[in-house]
Amino acid sequence: MTRVLVLNGPNLGSLGRREPELYGTATLADVERTLLARAAELGVELRCEQSNHEGRLLDLLEEEAGRAQGVVVNPGALSHTSIALLDAMRAFPGPVVEVHISNIHAREPLRARSRTGAAARGVVTGLGVHGYALALEAVTRLIAAEQEETRA
Ligand code: CA2
C-alpha cells in the first residue's frame, strides 16, 4: 500500500487556537482527521506528525525514507530559514509537496521566499487547510506516475 508522511513544523500544533484570520479555525487534529479520510478514499496509508523541533523533522524524513513513498510537508517558519530541512527534503527518495495555509507571497517580504520549496515538486500556498488535501492528491498522483514509469 502506498504510504505518505504528513509533516507539520513549528507552531502548527496551535492551529485553530490562535490567529484564525490567518490560519482558520480548524485544529491540527481536524486537519489530520480530514486527511486520513481522504487518504482512505485514495487507498493511501498516512503517518501524520508535528514537531516544533527541526531535528525531529529531519529524523522523521530519514526514518520514513525507506517506508513512505511521498511526503506532504508544511515546514512552518523553517521554510524561510532551514537549509538542513531543504537538504533532508532533497534527500527523500520520493515526491515531496509543500503546503502553506496562508499565501506566503501576500504577507511580509520575509515570508515570500520558501527555501525548502526548492526541494518540493510543488507548493500549495494560500488555499487554507484545504491545501493539505490538494497536496495529498498531488503526491499520490506523482507516486502512481513514478510507479508506472518503473513498470514500463
Ligand atoms: O501559512 C503557513 O502555513 C505557514 O507555513 C505557517 C507558519 C508561518 O511561519 C509561515 O510563514 C507560513 C506559521 C505557523 C504558525 O502557526 C500558527 C498556527 C496557529 C496559530 C498560531 C500560529
Side-chain angles (χ1 to χ4, degrees), residues 2-42 44-65 67-143:
T2 297
R3 178 178 168 98
V4 171
L5 172 66
V6 178
L7 269 188
N8 276 285
N11 296 315
L12 286 155
S14 301
L15 211 54
R17 292 199 287 270
R18 287 165 23 210
E19 304 190 74
E21 65 291 350
L22 273 175
Y23 303 115
T25 53
T27 64
L28 186 58
D30 295 333
V31 171
E32 291 179 347
R33 205 175 307 113
T34 304
L35 271 186
L36 284 164
R38 185 70 189 113
E41 289 169 359
L42 294 167
V44 169
E45 181 189 354
L46 285 194
R47 176 178 181 184
C48 298
E49 297 283 350
Q50 187 273 329
S51 180
N52 292 333
H53 304 279
E54 185 178 28
R56 170 80 181 141
L57 299 172
L58 305 185
D59 288 345
L60 284 162
L61 282 164
E62 201 176 285
E63 183 184 324
E64 284 294 329
R67 302 176 73 197
Q69 288 80 46
V71 177
V72 170
V73 58
N74 184 343
L78 291 173
S79 319
H80 315 300
T81 60
S82 177
I83 307 297
L85 190 53
L86 168 69
D87 289 344
M89 285 165 59
R90 278 215 174 112
F92 189 84
V96 176
V97 175
E98 182 169 305
V99 181
H100 296 284
I101 299 165
S102 62
N103 180 354
I104 59 172
H105 303 293
R107 299 183 61 189
E108 310 97 296
L110 62 84
R111 292 183 202 275
R113 174 166 182 201
S114 168
R115 288 181 187 272
T116 52
R121 293 283 291 274
V123 179
V124 181
T125 186
L127 299 180
V129 295
H130 182 54
Y132 287 95
L134 296 174
L136 177 63
E137 286 164 22
V139 93
T140 303
R141 287 176 77 108
L142 289 164
I143 293 165

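In each ligand, atom 1 is the first atom listed, and ligand 1 is the first ligand listed. All values below come from the heavy atoms of this structure, side chains included, with hydrogens, waters and symmetry mates left out. By convention here, the first residue in the shown sequence is residue 1.
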Does R141 CZ have over 12 foreign heavy atoms under 6.0 Å away?
no

Given R18, H80, H100, identify the one with the heavy atom nearest to atom 20 (C) of ligand 1.
R18

If you measure only the distance, is there a donor-acceptor pair under 3.5 Å linking the side chains of S114 and E98?
yes

Contacting atoms of ligand 1, where contact means under 4.0 angstrom from a heavy atom of N11:
15 (C), 16 (O), 17 (C), 18 (C)

Atom indices of ligand 1, in the order listed, that fall short of 4.0 Å to a heavy atom of S14:
19 (C), 20 (C)

Can you find a side-chain donor-acceptor pair between R115 and T81 that sits under 3.5 Å?
no

Where ligand 1 meets R111 - atom numbers and elements under 4.0 angstrom, heavy-atom basis:
8 (C), 9 (O), 10 (C), 11 (O)

Regarding Y132 and N8, is there a side-chain donor-to-acceptor distance under 3.5 Å anywhere?
yes

Close-contact set for ligand 1 against E19 heavy atoms, below 4.0 Å
21 (C), 22 (C)

Looking at ligand 1, does any of its N/O atoms fall within less than 3.5 Å of an N/O of N74?
yes

Looking just at side-chain N and O atoms, do N52 and Q50 make a donor-acceptor pair shorter than 3.5 Å?
yes

Would you say the side-chain atoms of S14 and N11 include a donor-acceptor pair closer than 3.5 Å?
no

More than 12 heavy atoms from other groups under 6.0 Å of CD on E63
yes

Atoms of ligand 1 under 4.0 Å from any heavy atom of S102, numbered from 1 in the order shown, are 1 (O), 2 (C), 12 (C)

What protein heavy atom sits nearest atom 2 (C) of ligand 1, and how far off is it?
I101 N, 3.3 Å

Under 4.0 Å from ligand 1, counting heavy atoms only, is it the side chain of R17, its backbone, both or neither?
neither

For atom 13 (C) of ligand 1, which protein heavy atom lies nearest, and how many Å away is it?
Y23 OH, 3.3 Å

